[in-house]
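These notes are about the structure you will find just below.
Computed from a prediction, not measured in an experiment: that's the story for all the values here. Atoms within each ligand, like the ligands themselves, are counted from 1 in listed order.
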Amino acid sequence: MSDVVVGIDSSTQSCKVLVLDAATGAELRSAKVAHPDGTSIDPRIWAAALHRAWKEADPAGAGTVIGVGLAAQQHGMVALDAAGEPVFDALLWNDTRSAPEAAAMVSDHGADFWAREVGSVPVASFTLTKLAWLARNEPEAAARVHRVVLPHDYLNHVLTGSWFTDRSDTSGTAYYHPATGYLPELLTEYFGRAPELPEVIAPDAVGGHLLPEFGADGAVVSAGAGDNAAAALGLGLQSREIAVSIGTSGTVFASVPDRPTADPTGAVAGFADATGGYLPLLAVINSARVMATTAELLGVGLAEFDRLASSGDPLAGGLNLMPYFDGERTPNLPGASGSLTGMSRASLTRENLARSSVLAVMNSLADAAEALSEVSRPAQRALLIGGGARSASLRAVAPELLGINVDVLEAGEYVALGAARQAAWAATGELPVFERHAQARLSPSGDGWGRESRTLYAAERTRLYGV
Ligand SMILES: Nc1ncnc2c1ncn2[C@@H]1O[C@H](COP(=O)(O)OP(=O)(O)O)[C@@H](O)[C@H]1O
Ligand SMILES: O=C(CO)[C@@H](O)[C@H](O)COP(=O)(O)O
């Protein structure tokens with residue numbers, strides 16, 4: 001039996017388990033179990049989904065499991081009592097109820113302070129704002145909090161029985177600076193005290209060993225990571241490249257080996273990566289699900305939606321969709337909703353509506369990519385990943401709206417792949433090279449409609465939302 005590594009991605013919508021050959025990265029088995037919808041959840045549901053997905057993938061049936069790595073959605077507040085039970089639902093990255101607490105933090109200290117001391121300016125996504133919300137709105141639950149962890153830490157505890165974390169995920173809490181460590185004084189200021197926090201271990205360290213109930217005794221469990229940092233590792237993201245991920249969230253990020261970023265505008269979060277470097281990142285709340293919602297409205301599946309979006313006018317006949325359906329984080333509009341403009345009897349067709357939805361998703365990410373280029377070296381190539389990158393129409397518009405070359409990678413679970421790569425690193429002491437294959441390399445056509453779409457979108461964003 002050959003050695004295998006397991007990579008896990010516990011994302012907003014599902015838990016995915018990948019079993020890979022430890023030496024080559026070849027995929028041997030996989031399983032996926034859905035999470036319920038919503039912006040808050042009992043974290044024990046993630047644990048149950050992990051157990052089920054693990055059982056379905058049956059890693060030990062594929063070989064000798066030498067390592068397990070787990071990445072998860074970032075920022076979620078998992079607040080536990082002294083017995084390790086949740087005192088309240090985990091509030092997720094896309095839960096905007098703590099927007100007033102985030103605004104108060106910025107007004108208390110100024111955006112410059114947060115950019116300098118934390119690397120990121122708080123928005124409602126960040127864990128500290130959720131803890132502040134809990135302290136103010138659920139004081140009884142807050143009083144019972146003994147330990148605060150992130151989704152990936154919680155699940156690593158399910159795998160090993162130990163508490164530990166990594167830089168990449170902790171850098172999304174707003175009580176940690178990726179270069180200098182925890183800032184317990186911010187917890188004291190906004191939560192009233194600093195609960196127990198997990199130790200931050202090195203990117204190649206062993207966090208613990210798999211518990212016997214997983215049937216692969218002795219396998220090491222690596223530090224794990226936030227999902228975006230794990231994706232960067234899975235992609236082997238190089239300098240002058242950006243990743244553009246179209247999943248539940250949309251993210252745009254770069255891997256920077258040696259320099260933390262500090263963006264006082266608050267657009268670019270100065271996260272850590274999963275190799276010891278940095279991961280400047282922008283995230284939007286509304287991404288692949290904008291297309292799914294539009295497809296549902298049109299009464300079609302994603303394949304037919306894609307056909308509709310590819311078959312009409314490139315500029316959707318002037319129909320413009322702003323995608324801020326669930327409130328937005330970039331730009332920081334937590335109370336916003338979407339809007340559709342440019343409707344006429346001629347423009348309001350099924351094709352144009354599908355197309356406007358695809359343009360909205362990619363324009364919001366193009367806005368993010370432009371902001372990223374202000375703080376890190378301009379990219380020459382974008383790598384498209386995430387479930388939404390399976391859409392052919394979205395792939396086709398990407399180079400036109402991003403204005404740079406785009407690699408469409410073979411469809412794959414890059415977060416889980418990165419987690420598996422980290423597991424191999426922890427188990428063997430060597431970070432293996434898992435080759436990445438581009439399915440297509442696309443370049444901007446230069447025929448002008450992409451720039452027109454960018455201009456229309458920006459004009460509507462400013463006119464309707466003032467940003
Ligand atoms: N062909 C497609 N066209 C558009 N969206 C798609 C397509 N295939 C999958 N998706 C979307 O991808 C999303 C899931 O992406 P994924 O990267 O797995 O999410 P997560 O961020 O939760 O890991 C779903 O919202 C789904 O609707
Ligand atoms: O909030 C962020 C990044 O800052 C999101 O990217 C979350 O990490 C959620 O990830 P997905 O479930 O969409 O993969």
From CG (L237) to CZ (F253), nearest 0.5 Å: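 These two atoms lie 6.5 Å from each other.
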Just jot down the ligand 2 atoms closer than 4.0 angstrom to any heavy atom of [X], in number order.
{"X": "S11", "answer": "12 (O)"}
{"X": "L281", "answer": "4 (O)"}
{"X": "H75", "answer": "1 (O), 2 (C), 3 (C), 4 (O)"}
{"X": "T12", "answer": "9 (C), 11 (P), 12 (O), 13 (O)"}
{"X": "S249", "answer": "5 (C), 6 (O), 9 (C), 10 (O), 11 (P), 13 (O)"}
{"X": "F271", "answer": "4 (O)"}

Check each of Q13, Q73, R329, H152 against atom 2 (C) of ligand 2 and report the one with the nearest heavy atom.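 Looking at heavy atoms only, R329 sits closest to atom 2 (C) of ligand 2.
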Selected option - heavy-atom contact closest to atom 1 (N) of ligand 1, from M291, E413, R390: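 Comparing heavy atoms across M291, E413, R390, the nearest one to atom 1 (N) of ligand 1 lies in R390.
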Those atoms of ligand 1 less than 4.0 Å from some heavy atom in [X]:
{"X": "S11", "answer": "20 (P), 22 (O), 23 (O)"}
{"X": "R289", "answer": "25 (O)"}
{"X": "T248", "answer": "19 (O), 20 (P), 21 (O), 22 (O)"}

Ion pair check, R289 and D37, cut-off under 4.0 Å: yes
When you look at CZ of R136, are more than 12 heavy atoms from neighbouring residues, nucleotides or ligands closer to it than 6.0 Å?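 No - once you tally the heavy atoms of other residues, nucleotides and ligands closer than 6.0 Å, there are 12 at most.
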Flag if over 12 foreign heavy atoms under 6.0 Å of CD, E304: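 Enclosed.
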Under the 4.0 Å line, does any protein heavy atom show up next to atom 24 (C) of ligand 1?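 It does: a protein heavy atom is found less than 4.0 Å away from atom 24 (C) of ligand 1.
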Nearest protein heavy-atom contact for atom 7 (C) of ligand 2: which residue, which atom, what distance? Q74 N, 3.7 Å
Shortest protein contact, atom 14 (O) of ligand 2 (heavy atom only): D227 OD2, 2.8 Å
Geometric cation-pi criterion R167 and Y278, 6.0 Å radius, 45° cone: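 Yes; both conditions hold, so R167 lies above the ring face of Y278.
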At the 4.0 Å heavy-atom cut-off, does K16 count as touching ligand 1?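 Yes, that is the case, since the closest heavy atom of the residue is under 4.0 Å from the ligand.
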Checking contacts here: is it the side chain or the backbone of T251 that comes within 4.0 Å of ligand 2, counting heavy atoms only? Could be both or neither. side chain
